[in-house]
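Just the heavy atoms: all of them, side chains too, but no hydrogens, waters or symmetry mates, feed the values below. Residue numbering restarts at 1 for every chain, and letters A, B, ... go by the order of the sequence lines.
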Number of protein chains: 2
Amino acid sequence: MAKNPKTPTPGKPVRGSTTGKPIMALLDLLGNRWALRILWELRDAPLTFRALQEACDGVSPSVLNSRLKSLKEARFVENTDAGYALTPLGMELQEKFGSLYQWAEKWAASLRE
Amino acid sequence: MAKNPKTPTPGKPVRGSTTGKPIMALLDLLGNRWALRILWELRDAPLTFRALQEACDGVSPSVLNSRLKSLKEARFVENTDAGYALTPLGMELQEKFGSLYQWAEKWAASLRE
DNA sequence: TATAGTGCTACTATTTTAGTAGCGCAAGGA
DNA sequence: TCCTTGCGCTACTAAAATAGTAGCACTATA
């Protein structure tokens, strides 16, 4: 796989942290726009590049491709026959956010109070 | 509080989604650089603006302030006498990521395989 | 041979973030 | 009273990320 020098990687300094601590690499990676959303959209089933682009409301292909590169290098996503899919590792991460949907509804409700 | 028109808010269209679904607003909000990191750095104790800036490895004050505005509007963060602190809502969200530190270590280990 | 769908790359325009300087305020000494 | 210190921030320019659009190369199917 072509290496993307911008992919936050544990063990290497990332934007905003020279320690190389995995958590910093992870937060940096997930803090890129669309990264969380992509994991979210892949939660149920694999999607092709274009289907994923559509699911992400027309995100530009250059950004999508760049993000997918990073997520692939991080081993959260892989390209299968059925399209882009979460790896077991990616599923674990996604599960950390699994209850987020319902929680977001609760959050929205509490903002309306 | 001064309204920041850019703060992703449930019920309103956000970047990349016109549905107003809370999960989309949440992902949009957390997808801004430093948002996740700020919640992370506040996990244990309140921090002053400058302490928080330092904890985030010198993030520029304009960005920090902008992000804090959004997090305050989202009611994840509030400004107390002791400095910026997570609200109960913010703590709940932070807890969703609570096991992330250890998980990130595991992730890093699996990348080294 | 055309048609449609795929995964992208290339390019410019716009927005976001980084980086630095410094203001106005409050508290605490000398 | 006049310094100094630390606070929350604003203002500004430079750099980087993202948006938006066009279209290429490839494959499969008709």
Rounded to whole angstrom units, what separation is found between the [atom1] atom of [X] and the [atom2] atom of [N]?
| X | N | atom1 | atom2 | answer |
| --- | --- | --- | --- | --- |
| A:F49 | D:dA25 | CZ | P | 18 Å |
| B:K69 | D:dG8 | NZ | P | 15 Å |
| A:L52 | C:dT6 | CG | P | 12 Å |
| B:D81 | D:dG8 | CG | P | 12 Å |
| A:N65 | D:dT18 | CG | P | 13 Å |
| A:L64 | D:dA17 | CG | C1' | 15 Å |
| A:L68 | C:dT9 | CG | C1' | 14 Å |
| A:N79 | C:dT6 | CG | P | 13 Å |

- Task: Any chance you could list the contact pattern along nucleotides 10-24 of chain C? Use B for base contacts, S for sugar-phosphate-only contacts and - for none, protein heavy atoms under 4.0 Å, 5' to 3'.
- Result: ------SSBBBB---
- Message: Would you say that A:L86 contacts A:V77 through its side chain, given a criterion of any heavy-atom pair below 4.5 Å between the two side chains?
- Response: yes
- Query: Any donor and acceptor pair, going by atom type alone, linking the side chain of B:W40 with main-chain N or O of B:F97 inside 3.5 Å?
  - Reply: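 It does not hold such a pair.
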- Query: With no hydrogens and no angle check, is any side-chain donor or acceptor of B:T9 less than 3.5 Å from a backbone partner on B:T7?
  - Reply: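 Here the side-chain-to-backbone pair exists.
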- Query: Taking atom CD1 of B:I38 and atom CZ of B:R43, what is their separation to the nearest 0.5 Å?
  - Reply: 13.5 Å
- Is it the case that more than 12 heavy atoms not belonging to A:Q102 sit under 6.0 Å from its CD atom?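 Atom CD in A:Q102 is not crowded, with 12 or fewer foreign heavy atoms closer than 6.0 Å.
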- Would you call A:R37 and A:E41 a salt bridge, using N to O less than 4.0 angstrom?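 Salt bridge flag = yes for A:E41 with A:R37.
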